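Following: one structure in structure tokens, then a few remarks.
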There are 2 protein chains.
Amino acid sequence: MDNASNALAALADPTRRTIFERLAAKPSAVGELARGLPVSRPAVSQHLKVLKEAGLVADTPEGTSRVYRIDPRGIAAIRQWLDQFWTDALDSFAAFAEAESKEDDTP
Amino acid sequence: MDNASNALAALADPTRRTIFERLAAKPSAVGELARGLPVSRPAVSQHLKVLKEAGLVADTPEGTSRVYRIDPRGIAAIRQWLDQFWTDALDSFAAFAEAESKEDDTP
DNA sequence: ACTCATGGTTAGCTGAGACTTACGGTAAGT
DNA sequence: ACTTACCGTAAGTCTCAGCTAACCATGAGT
């Protein structure tokens, strides 16, 4: 799926992965996240924007604050994309193993 | 896992995703891949190096050629990393839905 | 109305990485 | 031995993404 592309690209950045993992452990506000990270608050905002557009997180206004949490849709998209190749990967390996065993004609 | 980090970063590039998908459909040599892509052959070589270090592909010398195929380990690493957050994601959404329903005190 | 706290947005800088070109290295065929 | 085909690597260029600093907007409390 094309949505999986955005999700994969979003999780490629280490800082975004850290943010994602922390939100998985506990939904938090922007400043709360930035305080525990080595980057500034605007950087966290930009990362959250990317994660949101990738369908990996969702946000809810909470007064003057804004709470972010994990969105299962992004994870589902990546899983679906991966499973598309899972059987192919096993087939490739099975074919390789079989070709290897047939090469054993050197006694 | 840390191996999942490399795999995610490797699949972030669109060209590498295309190479990965084509190898899933059919194991191929480097030149064969490059002929169907809008980039040069050395570029494909570099991409394959990244994919190999990420555990996503494996290669086998075939005479003067070199056949690349999919390695299931990379896919497994990403799947394992994702499943680590799957239940957390569902919990986050369940908690959000419950909080939403309790806010229905505005008749 | 004023103040304070929280966040999203923009401009600009900088470093990482994707690409090409050129080169060297190896195996098969003649 | 020579040629051809296939591939990996090094050096260099250039674009893009992540970061900071500064600014503006909004809601809560007084």
Side-chain angles (χ1 to χ4, degrees), chain A residues 5-23 26-71 74 96 99 103 106, chain B residues 2 5-23 26-69 71 74 96 99 103 106:
Chain A
S5 304
N6 299 333
L8 283 170
L11 290 178
D13 184 70
T15 304
R16 272 196 298 260
R17 270 200 306 274
T18 303
I19 294 178
F20 184 74
E21 294 176 359
R22 298 207 179 179
L23 289 182
K26 173 178 177 301
S28 318
V30 180
E32 188 180 353
L33 280 171
R35 256 173 254 126
L37 289 173
V39 297
S40 67
R41 184 191 53 77
V44 177
S45 254
Q46 295 167 0
H47 282 310
L48 287 171
K49 183 179 181 181
V50 175
L51 290 171
K52 183 179 177 181
E53 288 174 349
L56 286 164
V57 302
D59 60 325
T60 307
E62 193 89 14
T64 169
S65 183
R66 194 168 260 272
V67 178
Y68 282 82
R69 66 184 175 282
I70 291 218
D71 188 340
F96 167 70
E103 264 177 15
T106 53
Chain B
D2 189 62
S5 305
N6 300 332
L8 284 170
L11 290 177
D13 184 71
T15 304
R16 267 190 309 255
R17 270 199 305 274
T18 303
I19 293 177
F20 185 74
E21 295 176 358
R22 298 206 179 180
L23 288 182
K26 172 179 176 298
S28 318
V30 180
E32 188 180 353
L33 280 171
R35 254 174 255 126
L37 290 173
V39 296
S40 68
R41 184 193 52 78
V44 176
S45 254
Q46 294 167 2
H47 283 310
L48 286 171
K49 184 179 181 181
V50 176
L51 289 171
K52 183 180 176 180
E53 288 174 349
L56 286 164
V57 302
D59 60 325
T60 306
E62 193 90 14
T64 168
S65 184
R66 196 166 259 272
V67 177
Y68 282 82
R69 65 183 175 281
D71 189 340
F96 166 70
E103 261 176 18
T106 52

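Within every chain, numbering begins at 1; the chains are lettered A, B, ... in the order of the sequence lines, protein sequences first and strands thereafter. As the structure is a prediction and not an experimental result, all values here were calculated from the model.
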For [Y], is there any backbone N or O sitting under 3.5 Å from a side-chain donor or acceptor partner on [X]?
| X | Y | value |
| --- | --- | --- |
| B:Ser28 | B:Lys26 | yes |
| A:Arg41 | A:Ala34 | no |
| A:Arg17 | A:Leu11 | yes |

Handout entry: Matching residue for B:Asp59 among B:Lys49, B:Lys52, B:Arg69 - test: side-chain hydrogen bond (donor to acceptor under 3.5 Å, both in side chains)
Key =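 Of all the options given, the one that passes is B:Lys52.
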Side-chain N or O of [X] versus OP1/OP2 of [N]: is the shortest distance under 4.0 Å?
| X | N | answer |
| --- | --- | --- |
| A:Ser65 | D:dG27 | no |
| A:Tyr68 | C:dT6 | no |
| A:Ser40 | D:dG18 | no |

Rounded to whole angstrom units, what separation is found between the [atom1] atom of [X] and the [atom2] atom of [N]?
| X | N | atom1 | atom2 | result |
| --- | --- | --- | --- | --- |
| A:Leu51 | D:dA17 | CG | P | 15 Å |
| A:Arg16 | C:dA16 | CZ | C1' | 14 Å |
| B:Asp13 | D:dA17 | CG | P | 11 Å |
| A:Leu48 | C:dT9 | CG | C1' | 14 Å |
| B:Arg17 | C:dG17 | CZ | P | 16 Å |
| B:Leu11 | C:dG17 | CG | P | 15 Å |
| A:Arg35 | C:dG7 | CZ | C1' | 12 Å |

Problem - Euclidean distance, B:Arg66 CZ relative to B:Leu48 CG, rounded to 0.5 Å - result: 10.5 Å
Exercise for the section: Working to the nearest 0.5 Å, report the span between OG1 of A:Thr15 and CG of A:Leu33. Expected result: 12.0 Å
Practice task
Have a look at the helix from C:dA1-D:dT30 to C:dT30-D:dA1 and give the angle its two end axes make, five pairs each, rounded to 10 degrees.
Solution key: 30°
Practice task
Please assess B:Leu56 against B:Leu23 for the test side chain to side chain contact (heavy atoms under 4.5 Å, CB included), listing each intermediate value before the final yes or no.
Solution key: CA-CA 10 Å; B:Leu56 286 164; B:Leu23 288 182; over 6 Å; no
Exercise for the section: Report yes or no: is there a donor-acceptor pair, N or O only, under 3.5 Å between the side chain of A:Glu62 and the base of C:dT6? Expected result: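 In this structure, the two groups form no donor-acceptor pair.
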Nearest to the side chain of [X], heavy atoms from C-beta on, is which of [options]?
| X | options | value |
| --- | --- | --- |
| A:Gln46 | C:dT10, C:dC19, D:dG18 | C:dT10 |
| A:Lys49 | C:dT9, C:dC19, D:dC19 | C:dT9 |
| B:Arg66 | D:dT20, C:dG7, D:dC7 | D:dC7 |
| B:Val30 | D:dC19, C:dG7, D:dG8 | D:dG8 |

Practice task
List the protein contact pattern of nucleotides 22-30 of chain C with one symbol per nucleotide (5' to 3'): B for base contact, S for sugar-phosphate-only contact, - for none; contact means a heavy-atom distance under 4.0 Å.
Solution key: B-----S--
Pairwise side-chain contact, [X] with [Y], heavy-atom cut-off 4.5 Å (strictly under):
| X | Y | value |
| --- | --- | --- |
| A:Gln46 | A:Val50 | no |
| A:Leu37 | A:Arg22 | yes |
| B:Asn6 | B:Glu53 | no |

